[in-house]
Amino acid sequence: MRYEQFHQRSIDDPEGFWAEQAQAIDWHVPPRTILDDSDPVFRKWFVGGQTNLCHNAVDRHLAERADQLALVAISTETGITREISYRELHREVNAFAATLLELGVTRGDRVVIYMPNIAEAVFAMLACARIGAIHSVVFGGFASHNLAMRIDDARPALLIAADAGMRGGKVIPYMPLVAQALAEAEHPPAKVLVVNRGLDPAYVPVEGRDHDHAALRAAHLDADVSVTWLESNEPSYILYTSGTTGRPKGVQRDVGGYAVALALSMWAIYDVRPGQVMFSTSDVGWAVGHSYNVYGPLIAGATSILYEGLPTSPDAGIWWRICERYGVRTMFSSPTAVRVLKKHDAHWLQDADLSQLQYLFLAGEPLDEPTAQWIGDALSKTVIDNYWQTETGWPVLCLMPGLDMKPVKPGSPGLPAPGYRLRVIDEATGEDAAVGEKGVLVIQPPLPPGCMSTIWGNDERFVAGYFSHFREPLYSSLDWAIRDADGYAFILGRTDDVINVAGHRLGTREIEEAVATHGDVAEAAVVGIHDELKGQVPVVFVTLKPAAAAGSVETVGAALQQCVCDQLGAVARPAQVHVVGLLPKTRSGKLLRRSLQALAERRDPGDLSTLEDPAALEEVRRVLAGPVAA
Ligand code: ATP
Ligand code: MG
């Protein structure tokens with residue numbers, strides 16, 4: 001079917017459209033009502049339907065694909081690869097679910113999972129889903145304060161952790177961080193289930209608090225834990241957003257709508273069918289990990305590849321050899337990861353036999369054209385940008401090669417995904433922006449299945465944060481966009497990333513793109529700082545390519561000012577240009593502009609708990625104290 005018809009039907013007849021899509025999953029009790037939008041903000045999908053994510057991801061496939069691989073968990077840190085069939089996955093998940101029950105976890109209880117990207121994290125998630133417990137996975141790279149904040153918000157009955165993770169060959173003990181977080185939290189769980197990988201010799205179980213996963217697993221290896229059927233709108237999990245713009249929000253997801261949306265996205269967007277292989281390089285701690293390392297591929301009866309390690313270790317060919325080995329059809333990664341690979345020779349990508357690989361999907365941050373171009377050329381595969389948010393759980397903008405592939409337009413994440421009624425709204429007038437004009441990207445309610453139900457425990461923040469920006473109750477993405485005449489959207493940055501120079505509103509992203517056209521620039525971050533005369537002026541931070549000409553640090557400032565003036569006009573001329581070795585980013589690879597801006601204005605950089613590498617901020621401080629490149 002053509003994309004246009006498919007999407008139009010999802011808008012014109014949402015109930016008919018989603019009733020059909022709902023047939024892709026198993027229902028214990030079919031839904032009574034497909035959509036209840038009596039309250040447009042708190043809409044409900046598949047009301048009265050009873051289902052279970054674990055059943056749909058695991059049990060359902062036993063009849064036809066018990067011996068097919070469900071999960072391949074590869075660690076280049078420990079050197080261990082585990083190939084797990086659907087039959088084995090079923091056994092592990094049952095043992096894990098029995099363990100949770102023994103530890104007193106029941107339906108509706110929260111379980112915080114603080115683990116590296118390993119198979120047990122997946123077992124833990126699925127086991128929670130099986131018994132109706134609500135998991136909240138906290139990215140294993142977060143420090144104790146982040147963990148404590150999330151514990152206090154979710155108030156879990158149990159914490160599941162590993163003794164340690166590994167990164168670049170270095171063991172990172174988790175249990176000291178767990179201990180600190182439990183001490184800091186006001187509502188710490190009494191019990192910790194520890195998956196002891198034997199990586200941290202210093203780990204000693206805490207009497208009365210810690211429970212050993214291996215022992216409990218052995219005791220329950222033949223357990224048969226019946227599935228707890230949940231009403232479609234009950235919470236399945238809580239996942240906190242990256243915290244790029246402020247305090248993370250606990251995104252609450254439902255059960256039935258999520259399963260149906262993922263099932264549709266797997267074939268229509270990612271073009272992965274039962275028995276095929278998907279490799280997402282994400283961590284289970286992120287939204288992509290939840291949807292496309294765990295639930296999506298498994299609901300589809302596909303094989304999911306989970307990877308613990310660096311993209312460049314043992315060398316930059318590792319991901320592509322994995323693609324060859326397992327016949328990966330669809331790969332999913334981030335622009336940040338591609339930029340890391342780009343520092344290495346393209347031959348690493350070409351040495352592997354990639355004949356099975358069809359697509360590389362990238363998401364999570366803007367995909368700049370040089371990066372897209374480089375990886376597209378290096379792989380000779382279709383590179384597809386897709387835009388979404390933790391809140392939506394699956395793409396908002398994408399191309400749909402499994403249905404009807406439309407041309408890639410560089411710089412655009414594509415067209416609205418099914419069920420999304422997208423509009424671009426002029427911020428000042430609240431009216432729809434004309435083609436080619438910039439506005440706020442919004443979703444006209446009802447949000448399609450799969451999108452967040454609310455912010456955990458905070459309906460008011462959900463309404464105030466997302467639905468209160470315009471006269472009508474529209475869901476604001478908080479991102480700027482324009483749409484072209486073919487309906488393709490271009491994301492221009494976040495609505496709080498705007499610089500107001502003498503009354504001209506400039507997107508930081510536009511200036512960054514202008515700067516990035518200079519051949520020596522590897523990456524750029526632009527912020528606005530206070531200026532007595534103009535209100536705000538742009539300040540540029542750049543990293544240079546390793547091959548940048550000697551002496552460019554001295555000359556690049558003036559050259560970049562010129563680049564910006566040529567492309568955007570003199571009003572956008574950067575007041576300062578700073579060359580740094582590293583830009584401050586969140587753990588999920590997003591630029592922390594708010595901290596850069598604070599430092600450039602000599603203010604406190606604020607909450608740094610999501611910062612990836614404190615050295616980046618130190619360097620910014622140092623550079624700001626020294627001479628300015630322009
Ligand atoms: P927080 O909401 O806590 O500040 P965050 O917005 O970074 O954090 P995520 O949900 O992980 O948390 O990120 C979603 C955001 O990432 C989008 O709103 C958008 O700004 C950006 N983004 C994601 N994919 C793309 C893409 N393909 N192109 C451009 N921007 C993207
Ligand atoms: Mg956000």
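Ligands are counted one by one from 1 in listed order, and the atoms in each one are counted from 1 as well.
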Residues with a heavy atom under 4.0 Å from ligand 1, by chain and number, are T241, S242, G243, T244, T245, K249, G364, E365, P366, D385, N386, Y387, W388, Q389, T390, E391, D479, I491, R494, K590

Taken in chain and number order and not counting sequence neighbours, the residues that satisfy salt bridge (Lys or Arg N to Asp or Glu O under 4.0 Å) with D497 are R593

Hits for side chain to side chain contact (heavy atoms under 4.5 Å, CB included) against P366, two or more places apart or cross-chain, chain-then-number order -> R509

query: Would you say the side-chain atoms of R329 pair up with the backbone N or O of D271, donor to acceptor, closer than 3.5 Å?
result: yes

For the pair E510 and K438, find out whether any cationic side-chain nitrogen is under 4.0 Å from an anionic carboxylate oxygen. yes

Hits for side chain to side chain donor-acceptor pair (under 3.5 Å) against S265, two or more places apart or cross-chain, chain-then-number order -> Y292

(request) Validate the cation-pi geometry between K406 and Y3: distance from NZ or CZ to the six-membered ring centre under 6.0 Å, angle to the ring axis within 45°. (result) no

